[in-house]
Every structure is written in C-alpha cells, then in structure tokens.
Amino acid sequence: MSASGRALVDAGATPFRSGWVLTGRTRGGAKGLVETTEGSWLASGHLVIAELRKDPQGFARAGKKWIDVSIRRQMLVAYEGTRPVFAALISSGRSGMADPEETDATVRGSFYIHAKHVSTTMDGDDEAAEAFDLRDVPYTQYFHEGYALHGAYWHDEFGKARSHGCINLAPADAAWLFEWTEPAVPPEWHGALNIEGGGTLVYVHG
C-alpha cells in the first residue's frame, strides 16, 4: 500500500522475496503495517524482518565485518561494525535447532571463515539413505569443519530449513557475500585459505 495524504491506497502485491528498508513506523500495532523508506506500507505478517544484533565477540564494537545467521528466521545479515549492509534469506540444516552431532542441523556458535572456493564438490556418505554428490557448488566459504556458506542452484526454497547442515544462499547472494568476506580471493584465483586466523566472523544462533 502507498500513502495518499493520510489515506492508504492499495498499490498491489510486492514482488516475491523483494527486500525493503523499514523506517520503524507502524500502523495497527505489532501485527499491522510497517512503513518502508520508499513510502509504502506492508503487512508485517507477510515479512521476515531482521533484528539489529550485536555479536558476542565484540566485532560490532570494533567496526569489523561480521555475519549474523538466525536459524529461526532463516535469515543472514552482514554487518560492518554495527551497520547492516546486506541481508538475505537462507536455508540452514533441515533439523532446525536439534543436535548437529546427531542430525542435519546447522552447528551454532561463533566461527571464522577459514577457506573459500569459487566452486567445489560436496558429497555425503555413500551408504547413507540420502547420499548426494553435488558438483560445482558456487561461492563456498567454510567456517567450521565441513560446514559452509555457499550458493545452491538445486533448489529455490530460501527462507526454509532444508540443507544437510550447510547454510544455503541463492547464487547471487552467495556471490555478493563471497566478495565481501575475508580472506579475499585474488583475481583469477580459485580459492584462498586463512592460515593465520582473522577471517570474517560468522555468528550462528537460534
């Protein structure tokens, strides 16, 4: 909806999975309408709204880059200090908040990106009920053992938990994040390793 004077005019549906910046103004309470910086009003119940957060390692206070991943919201927000610069829907492990040691849940905690690959192969246990062999997985960023942020070309269900434990992103979102994080991958290189520590922080929580 858009404002016309003080009245609201139905301007039709917004594009699916479109992104909006909110002003903080609302109408009708917590479950009513929220205002965007473009002057439109959207039904809050139809949105996934990111919350401003602070990381537990002090990266925000130090002005460093860091990534906040919410499993319950299925959303990732990239920060430079306390300022959010990018947000995207994700697909984390399909077991939600279960134990990552026993299920397909995504590991939770604070980690650092230690290896990046423009593309890589990912496979599972050949004897498992749902074995998989994925080639040319784009923009892969490992942050803990076999857990990674990466693009997913084999599904379009971002915003729902459905991975085997990694954090799936739409390929375009994964490409943006890959270029933004540390360690940097030099032009024409296929990957980079962070052998001295100090890669971009990834904070995964409920």
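The first residue in the sequence is number 1, and the count goes up from there. Hydrogens, waters and symmetry mates play no part in the numbers below; they use all other heavy atoms, side chains included. What you see is a predicted model; the values in this text were computed from it and never measured.
- Note that the CG atom of Asn168 and the CD atom of Glu157 stand 10.5 Å from one another [nearest 0.5 Å].
- Using bins of under 30°, 30° to 60° and over 60° for the plane-to-plane angle, the ring pair His150/Trp154 lands in the tilted bin.
- For the pair Pro183 and Leu193, the minimum side-chain heavy-atom distance is 4.5 Å or more.
- Residues Phe178 and Val118 meet the side-chain proximity criterion, which asks for heavy atoms closer than 4.5 Å.
- Side-chain N or O atoms of Ser91 include none that pairs as donor or acceptor with a backbone N or O of Ala161 at under 3.5 Å.
- In this structure, the separation between OG1 on Thr200 and NZ on Lys65 is 6.5 Å, given to the nearest 0.5 Å.
- Closest of all the heavy-atom pairs between His164 and Asp104 is O-OD1, 3.6 Å.
- Between Phe158 and Ala152, the closest heavy-atom pair is CZ-O, 3.6 Å.
- Heavy-atom minimum distance, Pro186 versus Ala184: CD-O, 3.5 Å.
- When hydrophobic clusters are built by joining Ile, Leu, Val, Met, Phe, Trp and Tyr residues whose side-chain heavy atoms come closer than 4.5 Å, directly or via intermediates, Val85 is not grouped with Ile49.
- Hydrophobic clustering of Ile, Leu, Val, Met, Phe, Trp and Tyr side chains at less than 4.5 Å, counting indirect connections, unites Leu201 with Val77.
- Closest heavy-atom contact between Ala148 and Met122: CB-CE, 4.2 Å.
- Side-chain contact between Met97 and Arg72: present, with at least one pair of heavy atoms (C-beta onward) separated by less than 4.5 Å.
- The hydrophobic cluster containing Phe143 also contains Ile71, counting ILVMFWY residues as joined when their side-chain heavy atoms lie under 4.5 angstrom apart, directly or transitively.
- Relative orientation of the His117 and Tyr142 rings is perpendicular, given thresholds of 30° and 60° on the angle between their planes.
- Among all heavy-atom pairs drawn from Gly96 and Ala105, the shortest one is O-CB, 3.4 Å.
- Note on ring orientation: taking the six-membered ring where Trp is involved, the planes of Tyr79 and Trp66 are parallel (angle under 30°, cut-offs 30° and 60°).
- For Glu51, the side-chain hydrogen bond (donor to acceptor under 3.5 Å, both in side chains) partners two or more places apart in sequence, or in a different chain, are Arg73.
- Side-chain contact, Ser92 with Gln74: a donor N or O sits under 3.5 Å from an acceptor N or O.
- Rounded to the nearest 0.5 Å, atoms CH2 (Trp41) and CG (Asp10) are 15.5 Å apart.
- The shortest side-chain heavy-atom distance between Tyr112 and Glu182 does not fall under the 4.5 Å cut-off.
- Taking OG1 of Thr36 as the start and CH2 of Trp20 as the end, the distance is 5.5 Å to the nearest 0.5 Å.
- The structure places CG of Leu33 at 9.0 Å from OG1 of Thr26, a figure rounded to the nearest 0.5 Å.
- Transitive grouping of hydrophobic side chains (ILVMFWY, heavy atoms separated by less than 4.5 Å) brings Leu169 and Val69 into a common cluster.
- In this structure, His46 and Thr14 have side chains that are not in contact, with every pair of non-hydrogen atoms separated by 4.5 Å or more.
- Within the 4.5 Å cutoff, side-chain heavy atoms of Arg17 are placed close to those of Asp156.
- If you chain together hydrophobic residues whose side chains sit under 4.5 Å apart, Met75 and Leu47 never meet in one group.
- Of the possible polar contacts, one joining the Ser44 side chain to the Gly32 backbone as a donor-acceptor pair under 3.5 Å is found.
- Side-chain contact between Leu177 and Gln141 is present, with heavy atoms from C-beta onward closer than 4.5 Å.
- A side chain to side chain contact (heavy atoms under 4.5 Å, CB included) with Ile90 holds for exactly one of Thr106, Leu149, Leu76, Asp173; it is Leu76.
- Side-chain contact between His190 and Ser119 is present, with heavy atoms from C-beta onward closer than 4.5 Å.
- Between Tyr203 and His205, the angle of the ring planes lies from 30° to 60°, which puts this pair in the tilted group.
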field: Intermediate values then yes/no, side-chain contact (heavy atoms from CB on, under 4.5 Å), Val202 and Ile113
entry: CA-CA 7 Å; Val202 179; Ile113 294 173; 3.8 Å; yes
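- The distance from the CG atom of Leu89 to the NZ atom of Lys160 is 11.5 Å, given to the nearest 0.5 Å.
- Aromatic ring centres of Phe86 and Trp180 lie farther apart than the 6.0 Å criterion allows.
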